[in-house]
Amino acid sequence: GFLSTEYSPIHAGSGDSDVGYEASQFMAMVRAAKQQDLADGIVEKMGELKTAEKALKKAADKASAAATVASLRQTIDATSQLVGLKRRFEHSPQLAAVGRNILSWDV
């Protein structure tokens with residue numbers, strides 16, 4: 001597994017009173033969220049958002065293009081299971097340590 005026992009259990013916040021998840025449980029939650037987003041068409045909307053953001057840079061009518069980007073972003077933020085999971089664990093000290101110690105390109 002990607003997450004070693006050194007970073008388990010994974011807590012949503014910095015308090016030890018938060019429910020902790022083992023690495024396999026956490027990755028199962030991520031997988032389930034991604035599958036749900038695929039089923040709901042959210043992953044497709046994420047692709048549309050990326051395309052709309054690129055089009056915004058070249059658009060003659062910036063206001064219309066910006067409105068499209070804002071609308072897509074709002075829809076994704078409100079309905080995506082992955083975004084919800086990211087928000088839930090954004091203050092996780094274990095995931096911050098993984099980012100700092102494993103995923104960082106700074107050597």
Side-chain angles (χ1 to χ4, degrees):
F2 173 69
L3 299 172
S4 72
T5 56
E6 181 179 344
Y7 302 104
S8 286
I10 299 166
H11 297 279
S14 59
D16 284 337
S17 63
D18 293 333
V19 174
Y21 299 93
E22 295 302 319
S24 60
Q25 291 173 312
F26 178 75
M27 293 310 293
M29 290 169 39
V30 171
R31 229 178 347 272
K34 185 172 183 177
Q35 289 172 344
Q36 187 62 49
D37 280 1
L38 276 168
D40 293 343
I42 300 302
V43 173
E44 185 179 317
K45 291 214 178 289
M46 288 177 179
E48 291 173 19
L49 174 61
K50 190 174 229 176
T51 302
E53 287 173 334
K54 287 180 183 178
L56 175 60
K57 293 176 184 176
K58 300 175 184 176
D61 183 7
K62 298 276 187 195
S64 175
T68 301
V69 168
S71 174
L72 284 168
R73 191 171 286 145
Q74 182 179 14
T75 300
I76 291 166
D77 286 350
T79 58
S80 171
Q81 298 290 320
L82 279 172
V83 170
L85 201 56
K86 180 181 175 184
R87 284 192 188 124
R88 181 174 164 196
F89 286 90
E90 69 186 343
H91 298 295
S92 170
Q94 292 80 18
L95 293 180
V98 168
R100 186 175 53 252
N101 299 333
I102 297 174
L103 300 177
S104 175
W105 289 95
D106 299 328
V107 179

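Every heavy atom of this structure was used, including side-chain atoms; hydrogens, water molecules and symmetry mates were not. Numbers here simply count residues along the sequence, with the first being 1.
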For [X] versus [Y], what's the shortest heavy-atom pair and its separation?
{"X": "L56", "Y": "A66", "value": "CD1-N, 3.6 Å"}
{"X": "F89", "Y": "H11", "value": "CD2-O, 3.8 Å"}
{"X": "I42", "Y": "S80", "value": "CG2-CB, 3.7 Å"}
{"X": "A65", "Y": "A59", "value": "CB-CB, 3.8 Å"}

Would you say that more than 12 heavy atoms from the other residues, nucleotides or ligands in this model lie under 6.0 Å from the CD of E90, or not? yes
What do you reckon, is NZ of K62 surrounded by more than 12 foreign heavy atoms closer than 6.0 Å? yes
Does [X] reach the main-chain N or O of [Y] with its side chain, forming a donor-acceptor pair under 3.5 Å?
{"X": "D37", "Y": "Q81", "answer": "yes"}
{"X": "S71", "Y": "A67", "answer": "no"}
{"X": "E44", "Y": "G41", "answer": "no"}
{"X": "S92", "Y": "A12", "answer": "no"}

Salt bridge D40-K45, side-chain N to carboxylate O under 4.0 Å: no
Calculate, to the nearest 0.5 Å, the distance between atoms NZ and CG belonging to K50 and L72 respectively. 14.0 Å
Check whether any side-chain heavy atom of T68 sits under 4.5 Å from a side-chain heavy atom of E48, and report yes or no. no
Joint hydrophobic cluster, [X] plus [Y], side-chain heavy atoms closer than 4.5 Å:
{"X": "V43", "Y": "L49", "result": "no"}
{"X": "L85", "Y": "Y21", "result": "yes"}
{"X": "V30", "Y": "L95", "result": "yes"}
{"X": "L82", "Y": "M27", "result": "yes"}
{"X": "V69", "Y": "M46", "result": "yes"}

Worked check of side chain to side chain contact (heavy atoms under 4.5 Å, CB included) between D77 and R87: CA-CA 10 Å; D77 286 350; R87 284 192 188 124; 3.4 Å; yes
